[in-house]
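Okay, structure first, notes after.
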Amino acid sequence: MKSKIMNVPNILSLIRVALVPAFAAALLFMKDIELVGVLVPAFIYALTAFTDFLDGKIARKYGLITDFGKFIDPLADKFMVIGSMLALLALMFLQGRVLQGSIFIWLVLLILFRELAVTSLRLVVAGKGKRVDLAANLFGKMKTVSQMVGTVVIIVEPIIPYFSENNILSYVCMAVMAFTTVASGINYFLGYLPYMTSED
């Protein structure tokens with residue numbers, strides 16, 4: 001069923017876009033405020049991630065699917081992922097966490113490459129006159145969850161006793177994010193491959 005453009009899911013997607021710069025601002029400008037400078041950006045990010053879960057659920061349950069929604073939802077998702085990762089990367093270097101930042105930057109590049117590769121695959125298939133929407137499978141859902149959980153963990157780790165000194169939780173989360181990012185990217189490639197090679 002088609003619905004008007006400004007329905008609840010689309011409004012939630014737009015709110016998600018607006019929350020990303022709010023998260024980045026809180027993370028970077030409140031970085032020197034003890035405890036509050038960690039909890040506020042963590043809360044904003046959690047709220048941002050919740051809108052991602054909620055808009056899709058509402059759209060599917062009530063049939064509130066529009067062409068605008070198909071455009072803004074994935075765009076908001078990419079904005080959230082890439083924006084939050086870049087803000088975290090900047091924070092690491094601003095706080096002098098050079099080793100952590102030097103490792104994290106490779107994860108950011110990997111995520112950017114994966115997003116660009118998947119988008120390119122979709123464009124190639126669309127250019128062949130085929131409309132294919134691959135639903136996110138287990139790896140895709142794991143990627144999303146690992147990025148959301150990993151981001152929150154990296155934000156709050158500085159106030160967790162013991163882990164604030166060695167960043168073990170951050171490194172574990174980075175490894176999981178890297179694995180799910182690569183696995184989901186390969187899954188999309190294999191899913192689109194038949195449509196790219198087909199002559200029909």
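In this text the structure is predicted, and so the values were computed from the model without any measurement.
Applying the side chain to side chain contact (heavy atoms under 4.5 Å, CB included) rule to L75 yields the partners F71, I72; only residues at least two apart in sequence or on another chain are considered. The side chain to side chain contact (heavy atoms under 4.5 Å, CB included) check on T119 picks up K78, L123, with sequence neighbours excluded.
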Show every donor-acceptor pair shorter than 3.5 Å between a side-chain atom in residues 18-45 and any protein atom, with sequence neighbours excluded, or say none if there are none.
none

Side-chain donor-acceptor distances from residues 87-99 under 3.5 Å, at least two apart:
residue : atom : partner : partner atom : Å
Q95     : OE1  : R97     : NE           : 3.2
Q95     : OE1  : R97     : NH2          : 2.6
R97     : NH1  : Q100    : OE1          : 2.9

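Side-chain contact check for L12 versus V8: some heavy-atom pair is nearer than 4.5 Å. Here the side chains of M148 and F53 are not in contact, with every heavy-atom distance at 4.5 Å or above. Between L107 and F104 the shortest side-chain heavy-atom distance falls below 4.5 Å. Side-chain contact between M85 and L112 is absent, with no heavy-atom pair separated by less than 4.5 Å.
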### Query
Stepwise, does the side-chain contact (heavy atoms from CB on, under 4.5 Å) test hold for M142 with S184?
CA-CA 8 Å; M142 287 173 58; S184 65; over 6 Å; no
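When each of V149, I154, V145 is paired with M177, the side-chain contact (heavy atoms from CB on, under 4.5 Å) condition holds for I154 and for no other.
When all heavy atoms are compared, the tightest approach of N166 to Y171 is O-CE1, 3.6 Å. Of all heavy-atom pairs spanning F79 and V17, the tightest one is CE2-O, 3.2 Å.
Side-chain N/O atoms of T66 and N7 include no donor and acceptor closer than 3.5 Å.
Under a hydrophobic-cluster definition in which Ile, Leu, Val, Met, Phe, Trp and Tyr are linked whenever side-chain heavy atoms come within less than 4.5 Å, directly or via other members, V172 and F163 are assigned to the same cluster.
Applying the salt bridge (charged side-chain N to carboxylate O under 4.0 Å, His left out) definition to pairs two or more places apart or across chains, those involving residues 51-62 are R16-D52, R16-D55. Counting only residues at least two apart or in different chains, side-chain hydrogen bond (donor to acceptor under 3.5 Å, both in side chains) contacts with residues 148-157 comprise E157-N167, E157-S170.
Not a single donor-acceptor pair under 3.5 Å links the side chain of S164 to the backbone N or O of P161.
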